[in-house]
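A, B, ... follow the sequence lines: proteins, then strands. Residue 1 opens every chain.
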Amino acid sequence: MIILSLFLNKISVDQFMKYPHSEVEAKWQKFWEENKIFNTDLTDIEKKLYCLVMFIYPSGSKLHCGHWYNYGPTDSWARFKKLQGFNVFEPMGYDAFGLPAENYAIKTGVHPQDSTFENIKDIRNQLKAMGCMYDWNAELMTCVPEYYKWNQWLFLQLYKKGLAYRKNAPVNWCPSCQTVLANEQVENDGTCERCGTPVEQKNLTQWFFKITEYAEELLDGIEKIDWPEKTKSMQRNWIGKSIGAEIIFTIDGFDETLTVFTTRPDTIFGATYMVISPEHPLVEKITTDEYRTAVNIYRNEVKNKTEIDRTSTAKEKTGEFTGAYAFNPATKKLIPIWIADYVLMTYGTGAIMAVPGQDERDWEFAEKFGLPIVRTVQPPDDFEGKAYVGDGEAINSDFLNGLNISEAKEKIINWLEENNIGESKINYRIRDWLISRQRYWGTPIPVVYCEKCGEVPVPEDQLPVELPYDVDFKPDGGSPLARNESFVNTVCPKCGSDAQRDVDTMDTFVDSSWYYLRYLNPKFDKAIFDKDLAEKWTPVDMYVGGAEHATMHLLYARFIHKFLRDINLVNSDEPFNKLIHQGTITNKGAKMSKSRGNVVNPDKFIEDYGSDVFRMYLMFMGPYELGGDWSDKGIVGVDRFVQRSYSLIKNFDNIKNITESVERLPLDKLTDIEASIYKKVNISLVKFTREVENFRFNTAVAVLMELLNELTKNIDDVSDEVKLYSLERFVYMIASLAPHLGEECWSIIGNVNSIYKSEFKFEVDPEALVVDNVTIGVQVNGKMRGTIEIPLDSDESVVKEAAWNEEKVKNHTSGKTVVKEIYVKNKIYNIVVK
RNA sequence: GCCGAAGUGGCGGAAUUGGUAGACGCGCUAGACUCAAAAUCUAGUCUAGGCAACUAGGUGCCGGUUCGAGUCCGGCCUUCGGUACCA
């Protein structure tokens, strides 16, 4: 009686038990960790594959949907590669320095280091619960001396080569973050990339990395990397190369000269006035008394305008005459010098020769202030606009007349060079990377200032310059480190007399510009990273992260990588061979953010459905690179798929004990239904592989669902051999998208080892892909009128007969004249009638 | 303004090189199981007309190329990214 009820109980449990996701996921996570399944042997480089996601910022808000959307699918790609036999290295770490931790400290009094370590602890657990195949041996964080010491070392190497330097320059100041920002970190509307506050301009002495030295190479390198076209073009625009000339203009009555940069030196005969930036150093000197008051008022107005004011105003040109005149070396005429804010001090030379005839802005300005306009390129007869910027014959240009733009450019540049008043010149929009930050929670800049010796870099053997724990970080615009006397006061490494440390810290983008090299051995203490491993494992094969880093992190990392190559530490030109951006998951049309209150918390879904279902649902939602608006509507569909997969496998537990795994089955010995399943499995393998390899996870999931439908329908009618053959391959594919379920199923069918340690590789049987019958469409006048099933590669005559036998074809052609018939082999048969 | 991507059922989305539009899933409808419900299973589901076979229309809009267009070309509209006086 007891036995019977137990027996019944077991049956009912087996039949109706839902997939116990919590237990299964916990079980396999433990198994993977204890058996070190995902610790990569970095010495084995034969089939090495470095798969990297942008590391995580350990803020208090923990893992959100965006992280899952970034990490889950990428991990699935990596897992599939692992199953294919690649030696995959997939690390994870923490981008742990940065403003939010410090702002949190100001608000709550919790020290950034304490809150960061606390967050990392939580996030690490969350990451582990995701069940990604991260190699936890490689885990790193940037906020510990073992890491940031090498930021300082990197700084010193750049300094040695003259690529880290200090200068006084107008810089972007964020009054809310209380620090300066790099140009890349200012949004196009002049607000702070991090907090959205309008950025102000300040003159400060700051440290810069000379990224401009690599401008040309950064531009060229874009051609060699497999990155999204969009991202590459953003970098091209950011670097902003333009080819032209510099021309020197003498100023009437002064020894000083004005140098301008122009991409159109050929239009110099049309330069009827000049404009210099209001901030230009010569303004003071050349302005005549008559105009001084107006000029000063204008300069003050401009100074007080924020970027927002400057761009939001209706773009009407403004400016003032300085009273001074320059000498146009081509026309030999005196032309007035104006100041206007449409000329930027930060681009080119801060001065232009204005050629209204060929430049829309100059035309607008000239029209407004009644300045002369001379065309120097003949517009076409039907041209109706104002300034003409297209190609044409030079006119009003003396010895250039009759030449087209490029000929005229060449000739005028020769003329300028012969007369020593100019030369050809390439200009870049990109500016040096400002790395000083007036904040606490970052890498101290390893420089001391000595009264006798001046600026002295800290010697390498004295690194790291440790970030002190005891610091008063109230936001008053000064660097918090400045208030820590025991940090500031030191001795000069050169002469031993009293000296002060630099109190700024580095931009955290320095940390992230080489972290992918450190992952290979984060405990390495002899150098910044293990050069031997770096040369073997970089460039990174697959890099996945947000598109918002296009002109920040992704540009800085390319720069630093090239520098590391130049000091012989890596042997490749680019850090990231292939780059993919995940799309953004929005909620109700807006980006998820705490302030909008539309953040979707993944935890509830993990609890209800498990991490496999949640990850697979994110993948199934749509194209990975597009992202989309969040909705949990369809998640039950993925859950059903998991349940159905599980119960299918459950029906065949330990099937491996009955029959053996084989690489192939002989098609001609299979029954019709076996053959059809066998073919379906192989076709699915081919499709699935293609989809996953290209990050098209939504269709990869669809392939598996289709296969599951087929298997549930027909698997009872095939031999054990075919059953095992099909189920093994089904599980193999599932394992990359739903790793825990995959392992569980793998073990249910009778395997003892992890599927990720399986030596068995599931190759496609090409025989199974051969189709013998095709269904072709029959059309009349291009409209579908039926389909016919015929053997592959049938002759036209066979198809023709079958087509004309179709009832509908007869109906639609009767009483009409056949004009022609078109046969596209194995695809379509079209009859054209009149 | 300029550059880029996108626009397909009630919804998320599929559709190598132009060749059966709507795979897969959600939702919905009907049926089976159940005292009943949920879950599950089976069938159906682009729209309009028809009991049906079928007919007509249909991939943002207008036009074109073609035997044939979601896919190619020209002109627009909308949405989302990026960028903005860069001389």
Side-chain angles (χ1 to χ4, degrees), chain A residues 15-16 18 187-189 228-231 233-234 236-238 240-242 244 260-265 267 275 277 310-311 315 317 340-344 346-355 358-362 364-365 427-430 547-548 550-551 581 583-584 586 589 617 620-623 625-638 640-641 643-644 647 687 690 696 698-709 712 775-788 807-808 811-812 819-833:
Chain A
Q15 220 158 28
F16 300 112
K18 291 201 86 184
E187 296 284 316
N188 58 50
D189 62 352
E229 209 40 60
K230 190 177 78 177
T231 310
S233 95
M234 279 172 73
R236 271 188 216 107
N237 291 337
W238 189 263
K241 179 182 184 176
S242 47
V260 303
F261 172 74
T262 177
T263 53
R264 294 293 304 275
T267 62
V275 185
S277 164
R310 266 173 92 150
T311 45
K315 276 194 187 171
K317 293 278 178 293
D341 68 355
Y342 82 93
V343 173
L344 311 172
T346 45
Y347 183 78
T349 60
I352 62 159
M353 62 176 207
V355 189
Q358 277 73 231
D359 185 287
E360 279 155 14
R361 296 153 303 177
D362 294 345
E364 200 190 319
F365 192 82
N427 211 6
Y428 297 91
R429 195 185 95 107
I430 190 173
E548 68 274 14
T551 52
H581 297 304
T584 317
T586 55
Y617 177 57
F620 190 53
M621 273 173 61
E625 269 132 306
L626 277 177
D629 205 45
W630 171 258
S631 152
D632 57 9
K633 262 188 173 173
I635 196 167
V636 291
V638 175
R640 275 177 206 152
F641 168 74
Q643 302 296 344
R644 291 178 57 214
S647 31
K687 279 195 194 163
R690 199 178 51 211
R696 291 191 296 256
N698 53 334
T699 44
V701 175
V703 169
L704 291 191
M705 287 174 164
E706 223 177 296
L707 179 59
L708 175 66
N709 290 342
T712 15
T775 314
I776 73 164
V778 181
Q779 304 180 329
V780 177
N781 285 348
K783 280 187 200 228
M784 286 300 303
R785 295 302 172 191
T787 54
I788 49 178
E807 201 57 34
K808 282 207 248 170
N811 294 344
H812 287 274
V819 180
K820 61 170 158 176
E821 291 169 61
I822 295 141
Y823 174 50
V824 181
K825 213 173 203 177
N826 303 323
K827 289 224 166 117
I828 214 96
Y829 193 84
N830 190 11
I831 300 159
V832 186
V833 293

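Taking only side-chain nitrogens and oxygens, A:Arg696 never comes nearer than 4.0 Å to OP1 or OP2 of B:C24. Between A:Arg429 and B:A87, a side-chain N or O to OP1/OP2 separation shorter than 4.0 Å is absent. A close approach under 4.0 Å does not occur between any side-chain nitrogen or oxygen of A:Lys827 and OP1 or OP2 of B:G68. Listed pair A:Ser631 / B:C26 fails the phosphate criterion, with no side-chain N or O lying under 4.0 Å from OP1 or OP2.
Under 3.5 Å, the side chains of A:Tyr342 and A:Ser277 contain no donor-acceptor pair of N or O atoms. Inspection of the A:Thr586 and A:Asp629 side chains reveals an N or O donor paired with an N or O acceptor under 3.5 Å. In this structure, a donor-acceptor pair under 3.5 Å is present between the side chains of A:Asn709 and A:Arg644. Donor-acceptor pairing under 3.5 Å is recorded for the side chains of A:Tyr829 and A:Glu821.
Taking atom CD1 on A:Ile822 and atom P on B:G18, their separation rounds to 16 Å, with Å as the unit. As rounded to whole Å, 12 Å separates atom P of B:G13 from atom NZ of A:Lys633. We find that CE of A:Met234 is positioned 14 Å from P of B:G4, with the value rounded to whole Å. The CG atom of A:Leu707 sits 16 Å away from the C1' atom of B:G25 (whole-angstrom rounding). Per the geometry, CZ belonging to A:Arg640 stands 15 Å off P belonging to B:C24, to the nearest Å.
Interface remark: the A:Lys230 side chain does not form any donor-acceptor pair with the B:C3 base, using a distance-only criterion of under 3.5 Å. Put simply, the side chain of A:Gln779 and the base of B:G19 share a donor and an acceptor less than 3.5 Å apart.
Using a 4.0 Å heavy-atom criterion, one finds that A:Asn709 contacts the sugar-phosphate atoms exclusively. Residue A:Thr787 is classed as a base contact, given a heavy-atom separation below 4.0 Å to a base. At the heavy-atom level, A:His581 lies nowhere under 4.0 Å from the strands shown. At the heavy-atom level, A:Val636 lies under 4.0 Å from the strands shown only through sugar-phosphate atoms. Here A:Ser242 lies in heavy-atom contact (under 4.0 Å) with sugar-phosphate atoms only. Counting any heavy atom pair closer than 4.0 Å across all strands shown, A:Val832 reaches sugar-phosphate atoms only and no base atom. Nucleic acid contact class of A:Arg644 (heavy atoms, under 4.0 Å, all strands): sugar-phosphate only. Backbone-only contact: A:Asn698 has heavy atoms under 4.0 Å from sugar-phosphate atoms and none from a base.
Nucleotides B:G58 and B:G64 have their P atoms positioned 14 Å apart, rounded to a whole Å. Between the P atoms of B:U47 and B:G9, the separation comes to 11 Å (whole Å). Taking atom C1' in both B:G70 and B:U8, the straight-line distance is 7 Å, to the nearest Å. Comparing the P positions of B:G4 and B:C72 gives a spacing of 15 Å, expressed to the nearest Å. Comparing the same atom, P, in B:U59 and in B:C54 gives a spacing of 23 Å after rounding to whole Å. The gap from the P atom of B:U29 to that of B:U79 amounts to 35 Å, rounded to the nearest Å.
Glycosidic conformation of B:G9: syn, with the torsion inside 90° of 0.
Note that the NZ atom of A:Lys808 and the CE atom of A:Met784 stand 8.0 Å from one another [nearest 0.5 Å].
Closest contact between the side chain of A:Arg690 and the listed nucleotides B:U16, B:U55, B:A15 involves B:U16. Picking from B:G12, B:C24, B:A14 the nucleotide with the shortest atom distance to the side chain of A:Thr699 gives B:A14. Side-chain proximity of A:Asn830 to B:C26, B:G68, B:G25: nearest is B:G68. Out of B:A5, B:A87, B:A56, the shortest distance to the side chain of A:Leu626 is found at B:A5.
Panel note: side chain A:Asn427, backbone A:Ser242; no donor-acceptor pair is recorded below 3.5 Å.
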